[in-house]
Student: 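Please see the structure below; I have some questions.
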There are 2 protein chains.
Amino acid sequence: MARAREFDTEAAVEAAMWAFRRTGFEGTSIQDLVEATGVGRGSLYAAFGSKEGLYLAAVDRYRDRYALPLIEELRRGLPVRDLVHGILLDLVDEIAADGNRHACLMVSAAVERAPHDPEVRVRIRATTASLEDAFADLIGAQGLSGDRDPRDLARFLMTTIHGMRVMAAINPDRAALTAIAEVALGCLA
Amino acid sequence: MARAREFDTEAAVEAAMWAFRRTGFEGTSIQDLVEATGVGRGSLYAAFGSKEGLYLAAVDRYRDRYALPLIEELRRGLPVRDLVHGILLDLVDEIAADGNRHACLMVSAAVERAPHDPEVRVRIRATTASLEDAFADLIGAQGLSGDRDPRDLARFLMTTIHGMRVMAAINPDRAALTAIAEVALGCLA
DNA sequence: CGAATTCTGTAACGAACAGTCAAGAAAAGG
DNA sequence: CCTTTTCTTGACTGTTCGTTACAGAATTCG
């Protein structure tokens with residue numbers, strides 16, 4: 001009924017996500033976001049309301065595009081050890097491939113924004129909980145938890161994943177990260 | 001030969017450390033630091049040169065006051081499992097005690113600043129490496145690594161510690177963190 | 001008691017900040 | 001074609017940013 005939006009909303013959010021991931025919420029200015037997305041200031045505010053609104057959209061996109069597919073893969077019910085092994089090594093590959101020094105948006109948001117922004121907190125908690133659930137269900141279903149609660153093992157895996165992101169930010173060393181993944185995997189029964 | 005400094009430098013750096021830890025480097029303004037330290041703008045610049053200078057002093061203080069004592073404790077050569085168990089549970093206590101939602105300055109600096117500031121990077125790397133060394137030496141000396149390289153186990157422990165800080169930022173739940181610590185401890189032979 | 005030196009407090013700097021707004025451009029319905 | 005509605009653009013708001021400059025206070029040495 002009126003003029004159509006000229007920019008691709010998803011592409012803009014994707015670009016914003018990378019910008020936020022690289023320089024954090026406070027470290028990324030509106031001007032940075034205008035340049036990263038190629039969308040004008042006014043349009044950005046019309047579409048997302050505020051800097052926080054765009055940040056939340058970026059966090060949601062991270063969940064939809066990176067966390068949910070992982071959960072889907074876990075729901076396929078393949079052998080846990082192989083699955084986790086693959087997930088951790090893929091993580092190492094991703095980190096080592098582009099010499100990436102930046103933690104993922106999830107870790108960055110958890111550390112920088114979750115303590116200050118309830119909206120971010122609830123999103124990060126929900127995503128982490130979903131991943132935990134998927135891990136726990138899988139471990140429980142395959143009886144691989146030994147005498148431990150599958151949920152504790154799932155939380156441990158989440159801790160390892162987050163910890164590896166931090167380690168990568170300090171030093172993105174493929175060999176070291178691979179070895180860490182192997183040790184963690186050894187904790188699964 | 002001249003007027004003496006009125007403020008306590010160490011106390012100022014300590015206060016700045018807490019401020020940076022709470023709101024990050026970009027999220028903490030000079031005005032915030034003036035209020036947190038009780039030191040005037042001019043004096044702060046005279047003493048530390050710049051915001052980055054004060055941040056580096058805070059990172060150094062974190063190393064001296066929190067990382068080095070930990071390393072000293074590891075050098076005492078007590079049984080590894082008890083030592084690590086104690087360290088992880090102390091960590092949980094610290095997190096749970098004040099319902100702390102903020103990751104330590106080390107994790108915060110690693111995620112937010114290390115990718116952008118070489119000075120921060122070299123400091124964080126050095127501190128992490130020292131802690132790794134201490135863990136590795138201890139594990140190696142007590143022959144507790146099984147068929148693994150003690151250094152890999154040490155890196156894994158650092159990953160767990162960093163990961164627990166992130167998990168705490170998402171949800172500072174004592175029971176969950178305790179369980180995570182127990183699982184990680186199980187990886188030590 | 002000066003002279004020299006270093007600190008403190010405040011005012012000010014230009015730049016960058018997040019956010020707003022009005023005017024024009026584009027599309028759809030009548 | 002003309003109205004209506006939405007989107008785009010870019011100038012603009014007041015505020016806050018990190019940093020500097022400077023005057024005055026305090027301390028030590030001669």
Side-chain angles (χ1 to χ4, degrees), chain A residues 1-59 105 108-109 112-113 115-120, chain B residues 1-59 105 108-109 112-113 115-120:
Chain A
M1 311 188 183
R3 180 172 177 177
R5 183 170 285 173
E6 283 183 12
F7 65 91
D8 177 345
T9 308
E10 299 223 356
V13 174
E14 177 79 14
M17 198 193 79
W18 286 98
F20 279 130
R21 180 186 165 181
R22 210 175 69 82
T23 44
F25 179 80
E26 297 282 1
T28 309
S29 70
I30 300 290
Q31 187 57 34
D32 292 336
L33 294 165
V34 167
E35 285 161 19
T37 60
V39 178
R41 257 179 140 70
S43 303
L44 233 36
Y45 272 90
F48 303 103
S50 66
K51 185 181 176 182
E52 195 213 356
L54 180 49
Y55 189 79
L56 293 176
V59 169
L105 188 65
S108 168
E112 185 195 1
R113 291 303 299 165
H116 304 283
D117 188 333
E119 300 271 4
V120 170
Chain B
M1 310 192 180
R3 180 174 177 177
R5 182 169 287 174
E6 283 182 12
F7 65 92
D8 178 345
T9 307
E10 299 222 357
V13 174
E14 176 79 14
M17 198 193 79
W18 286 97
F20 280 129
R21 181 187 164 180
R22 209 175 71 81
T23 44
F25 179 80
E26 297 281 2
T28 308
S29 70
I30 300 290
Q31 187 56 34
D32 292 335
L33 294 165
V34 166
E35 285 160 19
T37 60
V39 178
R41 266 176 130 73
S43 303
L44 233 36
Y45 271 88
F48 303 104
S50 66
K51 185 180 176 183
E52 194 213 357
L54 180 49
Y55 189 79
L56 293 176
V59 169
L105 189 65
S108 167
E112 185 194 2
R113 292 303 299 165
H116 303 282
D117 187 332
E119 301 270 6
V120 171

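Within every chain, numbering begins at 1; the chains are lettered A, B, ... in the order of the sequence lines, protein sequences first and strands thereafter. Keep in mind that the numbers below use all heavy atoms, side chains included, and drop hydrogens, waters and symmetry copies. Source: prediction; values computed, not measured.
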Student: How close or far is atom C1' of D/dA11 from atom CD of A/Q31, stated in whole angstroms?
Tutor: 13 Å
Student: Can you tell me the distance, in whole Å, between the CD atom of A/E6 and the P atom of D/dC7?
Tutor: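 Interatomic distance, CD of A/E6 to P of D/dC7: 11 Å.
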Student: For A/G49 and for B/G38, find the nucleotide of DNA chain C with the closest heavy atom, then tell me which residue's nucleotide is more 5'.
Tutor: B/G38
Student: Checking all strands, does B/A46 fall into the base, sugar-phosphate, or nothing category for heavy-atom contacts under 4.0 angstrom?
Tutor: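 It contacts nothing in the nucleic acid.
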Student: For a quick test of reading the model, state the closest non-hydrogen atom pair linking B/G27 to B/D32 and the distance between them.
Tutor: O-OD2, 3.8 Å
Student: To the nearest 0.5 Å, what is the distance between CG (A/D117) and CD (A/E112)?
Tutor: 10.5 Å
Student: Of B/F7 and A/E52, whose closest DNA chain C nucleotide lies nearer the 5' terminus?
Tutor: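 Upstream on the strand: B/F7.
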Student: Whole angstrom is fine here: how far is it from OH in A/Y45 over to C1' in D/dG10?
Tutor: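 Rounded to whole Å, this separation is 15 Å.
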Student: If I take atom CE from residue A/M17 and atom OG from residue A/S108, how far apart are they, to the nearest 0.5 angstrom?
Tutor: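 Here the interatomic distance stands at 11.0 Å.
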Student: In whole Å, I'd like the distance from the CD atom of A/E35 to the C1' atom of C/dA16.
Tutor: 12 Å
Student: Take the protein atom CZ of B/F48 and the nucleotide atom P of C/dT6, then report the distance between them rounded to whole Å.
Tutor: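 From B/F48 CZ to C/dT6 P: 18 Å.
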Student: Is a side-chain donor or acceptor of A/K51 paired with a backbone partner of A/T28 at a separation under 3.5 angstrom?
Tutor: yes
Student: Side chain of B/S29: nearest nucleotide among D/dC17, C/dG19, D/dT8?
Tutor: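 Among D/dC17, C/dG19, D/dT8, the one nearest the side chain of B/S29 is D/dC17.
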Student: Is there a side-chain polar atom (N or O) of B/S43 under 4.0 Å from OP1 or OP2 of C/dT8?
Tutor: yes
Student: Rounded to whole Å, how long is the line connecting atom CZ of A/R5 with atom C1' of D/dT8?
Tutor: 11 Å
Student: Grab the CD1-P distance between A/I30 and C/dG19 for me, whole Å please.
Tutor: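 Nearest whole value for this atom pair: 6 Å.
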Student: Would you check, one step at a time, whether the test side chain to side chain contact (heavy atoms under 4.5 Å, CB included) holds for B/E26 with A/F25?
Tutor: CA-CA 9 Å; B/E26 297 281 2; A/F25 179 80; over 6 Å; no
Student: Could you check whether the side chain of B/R41 and the base of D/dT19 have a donor-acceptor pair of N or O atoms closer than 3.5 Å, going by distance alone?
Tutor: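 Indeed there is one.
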Student: Assign each of A/A4 and B/F25 to its nearest nucleotide of DNA chain D by heavy atoms, then name whichever residue's nucleotide is nearer the 5' end.
Tutor: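 Mapping each residue to its closest nucleotide by heavy atoms, the 5'-most match is A/A4.
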Student: Measure from the side-chain heavy atoms of A/R3 and tell me the nearest of C/dG19, C/dC17, D/dC7.
Tutor: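 Of C/dG19, C/dC17, D/dC7, D/dC7 is nearest to the side chain of A/R3.
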Student: To the nearest Å, how far apart are B/L54 CG and D/dT19 C1'?
Tutor: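 The answer, rounded to whole Å, is 14 Å.
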